Amino acid sequence: MNKKLRELLYRSFDADLKEEEKKVLADALSRSAELREEQRQIETVRQKLSATTASSFEPFFADRVMRRIYREQKPKSELESWFEPLMSIFRPIAVAAVFIILLLMSYNMISTKQISVQGALAISNVAVEEAFDPAVNLTVE
Amino acid sequence: MFRLTDEKLVESVLKGNEEAFRELVRRHEPRVAATVIGMLGNCPETEDVGQETFIRFYKSLKNFRGESEVGTYLTRIAINLSLNELKRRKRRFKFFHQEPGEAFDIPDERTQTADNGDKELVQWAIQKLEPKFRSVVVLRLIEGYSTSETAQILKLPMGTVLSRLSRAQKKLKEILSPYMEIVNE
């Protein structure tokens with residue numbers, strides 16, 4: 001089927017064709033059964049689409065919308081209005097603190113050459129005996 | 001209140017009558033629902049997007065100058081919010097390595113009953129379209145806006161709307177042709 005004619009057919013449903021184009025299309029439709037079949041199929045699809053219009057949300061939708069509006073309009077409590085500016089001030093500080101902690105932990109892991117929680121926290125493995133070994137920990141002057 | 005025009009209702013809301021807004025919601029719910037359900041399919045998110053559409057409208061009432069009709073204004077908000085939701089959905093599906101289209105099952109022929117079956121089948125076919133094609137189909141072919149109104153709502157040139165419409169219809173015909181007999185019954 002001629003691509004141009006096909007395009008013209010599709011366009012004829014949604015745009016005003018020029019007189020000349022209308023003539024060309026009418027002529028093609030009278031000659032081509034394939035084009036007529038295509039036209040019938042498009043009409044069917046369009047009819048089915050327009051028949052799907054009736055829609056609604058769950059019952060009492062308007063009530064739910066109004067409830068949300070009332071809720072959003074409700075003035076905030078004193079405690080909430082006191083905490084909110086504090087939260088916005090401390091949020092960037094908290095993010096920076098987390099970043100610094102992560103940086104320190106990775107530095108610890110690199111310097112102790114241990115990829116573990118102990119390495120990250122720079123805790124060395126000390127046995128109980130070692131901890132209480134007077135030769136290591138205590139020096140008598 | 002039920003006989004008032006949309007413009008009068010908007011004026012009334014601006015004077016503090018919130019019941020007038022409830023009437024606007026009731027009046028325009030079907031249009032917003034058709035847009036949102038058309039764009040997102042029947043899923044739990046449609047209710048949230050529908051509510052958000054009216055809440056955005058309520059918040060922007062002071063700036064609403066009546067240049068377009070309330071219905072058209074609401075449709076524009078609903079389309080934008082639906083497109084945002086589709087982007088979010090795409091990101092979610094990407095995260096779980098799944099194609100968005102896979103989420104919608106082909107409606108079972110055996111459970112289809114006349115109109116309901118057709119509706120489900122058409123809805124399923126629409127969900128197979130890319131969002132940019134879906135939006136023109138919903139506005140022009142489901143909601144019945146004119147081609148120029150569709151172009152205005154989507155802020156697109158007429159030529160783009162026309163070419164998207166013809167490509168969308170070709171695609172829909174392709175998707176639905178195996179089921180065309182069911183559709184035609």
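So you know, we letter chains A, B, ... as the sequences are listed, proteins then strands, and number each from 1. Quick caveat: nothing in here was measured; it's all calculated off a predicted structure.
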Query raised in the report: Between B:Lys170 and A:Glu7, does at least one N-O distance fall below 4.0 Å, as a salt bridge requires?
Result: yes
Query raised in the report: Of the listed residues (B:Thr150, B:Val25, B:Thr35), which shares the most heavy-atom pairs with chain A below a 4.5 Å separation?
Result: B:Val25
Query raised in the report: For chain B, which of A:Asp14, A:Val65, A:Asp63 has the most heavy-atom pairs under 4.5 Å?
Result: A:Asp14
**Report entry** B:Arg22/B:Glu19 salt bridge by N-O under 4.0 Å criterion
**Finding:** yes
Query raised in the report: Is it true that B:Arg88 and B:Glu45 have a side-chain N and a carboxylate O under 4.0 angstrom from each other?
Result: no
Query raised in the report: In terms of heavy-atom proximity below 4.5 Å to chain A, should B:Leu24 be classed as side chain, backbone, both, or neither?
Result: neither
Query raised in the report: Among A:Glu72, A:Arg11, A:Met66, which residue forms the greatest number of heavy-atom pairs with chain B at distances under 4.5 Å?
Result: A:Met66
Report task. Answer with side chain, backbone, both or neither: which region of A:Gln47 has an atom nearer than 4.5 Å to a non-hydrogen atom of chain B? Result -> neither
Requested in this report: Heavy-atom distances under 4.5 Å only: say whether B:Arg140 touches chain A with side chain, backbone, both or neither.
Outcome: side chain
**Report entry** Presence of salt bridge, B:Lys173 and A:Glu38, under 4.0 angstrom
**Finding:** yes
Report task. Return yes if some donor-acceptor pair links the side-chain N/O of B:Thr46 with the main-chain N/O of B:Asn42 below 3.5 Å, else return no. Result -> no
Requested in this report: Please state whether the side chain, the backbone, both or neither of B:Glu52 comes within less than 4.5 Å of a heavy atom of chain A.
Outcome: both
Query - Residue part contacting chain A, namely of B:Val138, when any heavy atom lies under 4.5 Å - result: neither
Query raised in the report: Does a side-chain heavy-atom distance below 4.5 Å link B:Tyr58 with B:Glu18?
Result: yes
Query raised in the report: Is any side-chain N of the basic residue among A:Arg40 and A:Glu37 closer than 4.0 Å to the acidic one's carboxylate O?
Result: yes
Query raised in the report: Which residue out of B:Ile126, B:Leu165, B:Ile37 racks up the most heavy-atom pairs below 4.5 Å with chain A?
Result: B:Leu165
